[in-house]
Amino acid sequence: MDAEALHSEAERRIKEVTIPLFEEQAHLFVDVWPTWKADLSQPGRQLTADQLQLLGQIETLDGKYVGGLRAYRANAVELLRASAAGENPLEGFRPSVPLGETLVAHGDAYRAAERAGIEAAQRCAFVLVAGGLGERLGYGGIKVGLPTESTTGCCYLRHYVEAILAIGDRAGRPLPLAIMLSGDTDAPTRALLKKEGNFGMRDEDLTLMVQDKVPSIVDGGGRFALAKDGRSLETKPHGHGDVHALVAAHGLADKWLAAGLERVFFFQDTNAFALRSCVANCGVSAKLDLDYNSSCVARKPGEAIGAICRLDRPATDAEDARALTLNVEYNQLAPLLASVGEADDPTPSGASRFPGNINQLLIKLGGDDGYAAVLQRTGGAVPEFVNPKYADETKTSFKKPTRLECMMQDYPKLLSSNAKVGFTVLERAAVREYSPVKNATADGAAKVRAGLAGACPATGEADLYAFNCDLLSVGGMDVAPAERRTFLDVPVDLRPRACLSPFFGLTEDDFERCVRGGSLGAGSSLVVEGRGSVVLEDVHVRAGSALRVTTGPGTKLV
Ligand code: UTP
């Protein structure tokens, strides 16, 4: 566009977008910019630096929200109305267990899923959501920079990138990774990637997408709040559901599909097992031809973890029948079941029949309900929710400003009733398949004492060693049992410190090949790192001792 066209586009936006928005939000400017209407209506206007900054912020926020800020306000008014009226979006739905598979590690079905999955994973793109503040963890830095374990200090981001490189090595071509960041995590994540040379990933395979916040809302009329500085809008995080709109805005789904990729795997900032479970999940997605597959773990009835449910609502005079498979928050599941005379009763194994969602999503790229088509249709805007804390029973004002939020696992709401949506439950005797690091140490200690998962640094580390020891045992290695130890008040069952690079092995078949017998004694450490091919044949690491094996690309070491 030439300068004149740019100018007339800017004028058009002021007239058609900014002025109507300001009219809706006129309360904002009563004191700070009483003459806004006259000023903005005047071509060739002279504005102060503060006014230009406010216009710039609004322009950015308007551009980032699918449909713009006026749509944001309209959505807020409707959601706040429904919230104040106490409407239940799940009303009238009957829950049942959806399509899916439960795979038990070391079993035939698990192996078969991994075999199909390691092929399918070679045609995957990967998306890491890492924009969260991590308030519960109370750590000043970024979560992906935290060590997965304290033996090598390998951080989550290295751990993830190396797994994607390892799958790419098998594919014979590099696979892409997109990372969603936010204002809170953008600069430090970029700095870490730069310092570490992207952990070996090429720049062209890495996309960094930055999510924005959304305006705070002060009342049921969807009025925005001014920040304390009096010069800008107050904004709050919009949630990890932003990832789909960002993938759409970056044109990634179309690009990946055109590059011959078939699925996208979404995962979170601190679950060290994410990319290992991705493999078995890919196998199930390929077998059942799922458009959308949620990674799950077995959940106990009542456990505070979302449940994947199929929801059916019969046709009424006003609406057609509706069926969708969705994550139902644990506190909504019991009332939903009660509404149809059922309960979350345990199965013979003690688990709930509804699998527990761990927010690792595997989405098919192609087809009518494929990711590329759905993003084209919707811009990736997943339905939002609002969670205001009302000041009193009249439900007209809030204790503090609220905002709309969205969750990436609500994506199936964008699919048609024909879409195949299912789950994969992974189980491993006495070893966790999901062990995120979300809680500060003191909170983690309290949770462990209450018999819950600690989800804190010590438990994340102990669970990673246990997982790796379990993989070594596939190759017949005799690994010492766990010892109960306590670190900073957090009791953990600590197995030998096994730190295994994804280049060493990804599947149980790999571990049968790359480990042949041997032993790991109590309190020992074994590190296998680097991009070479390593076989441990009859290797014994005695109690209290350590072995570190480091290889470079192309090395073959037995
Ligand atoms: P969490 O539930 O762990 O939330 O997010 P959080 O914001 O990181 O941590 P708390 O609640 O403040 O303690 C789940 C995943 O979603 C990402 C996080 O980075 C994590 O990988 N996330 C969350 C985003 O990318 N953006 C968001 O706005 C929120």
Side-chain angles (χ1 to χ4, degrees), residues 61 64-65 72 126-146 148 155-157 159-161 177-190 192-193 207-216 235-247 249-250 264-275 277-278 294-295 297 304-306 327 329-331 356-361 380-382 384-387 402-411 434-444 446-447 453-457 459-460:
L61 293 173
K64 286 263 175 134
Y65 189 83
Y72 175 72
F126 299 86
V127 178
L128 166 62
V129 292
L133 208 49
E135 273 176 330
R136 282 170 288 172
L137 196 57
Y139 168 65
I142 44 171
K143 287 191 269 176
V144 291
L146 284 171
T148 53
C155 70
Y156 279 94
L157 196 49
H159 188 72
Y160 294 146
V161 170
L177 167 66
I179 308 179
M180 179 168 79
L181 303 169
S182 65
D184 299 313
T185 61
D186 185 13
T189 309
R190 282 178 203 270
L192 178 63
L193 284 163
T207 307
L208 303 181
M209 318 179 288
V210 186
Q211 66 176 143
D212 223 315
K213 294 182 178 172
V214 286
S216 297
T235 58
K236 293 194 173 187
H238 189 224
H240 46 60
D242 277 345
V243 71
H244 303 297
L246 280 171
V247 170
H250 284 257
V264 194
F265 183 67
F266 294 81
F267 59 105
Q268 306 188 45
D269 48 21
T270 60
N271 178 33
F273 316 138
L275 289 150
S277 38
C278 168
S294 298
S295 296
V297 291
I305 174 168
N327 174 69
E329 293 302 333
Y330 75 96
N331 53 351
N357 171 40
I358 58 172
N359 256 358
Q360 289 170 186
L361 323 174
V382 292
E384 296 159 303
F385 64 96
V386 68
N387 192 13
T402 188
R403 85 293 200 171
L404 302 190
E405 295 175 75
C406 58
M407 302 188 291
M408 67 176 179
Q409 66 270 32
D410 275 342
Y411 170 85
Y434 177 58
S435 184
V437 176
K438 286 183 190 284
N439 298 319
T441 298
D443 299 332
K447 282 189 185 293
C456 64
T459 54

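Counting convention: from 1, in listed order, for ligands and their atoms alike. When reading the values below, keep in mind they use all heavy atoms of this one structure, side chains included, and skip hydrogens, waters and symmetry mates.
Checking Leu157, Val127, Thr207 one by one against Ile179, the side chain to side chain contact (heavy atoms under 4.5 Å, CB included) holds for a single residue, Leu157.
In summary, the side chains of Gln211 and His240 do not present any donor paired with an acceptor at a separation below 3.5 Å, with no hydrogens or angles considered.
Remark: the backbone N or O of Asp269 is paired with a side-chain donor or acceptor of Tyr160 at under 3.5 angstrom.
Between the CE atom of Met407 and the CG atom of Asn357 there is a distance of 9.0 Å, given to the nearest 0.5 Å. The distance from the OG1 atom of Thr185 to the CG atom of Leu133 is 9.0 Å, given to the nearest 0.5 Å.
A salt bridge does not link Asp443 with Lys447: none of the charged nitrogens is closer than 4.0 Å to a carboxylate oxygen.
At a heavy-atom cutoff of 4.0 Å, ligand 1 is surrounded by Val129, Ala130, Gly131, Gly132, Leu133, Gly134, Glu135, Arg136, Lys143, Met180, Gln211, Gly239, His240, Gln268, Asp269, Lys438.
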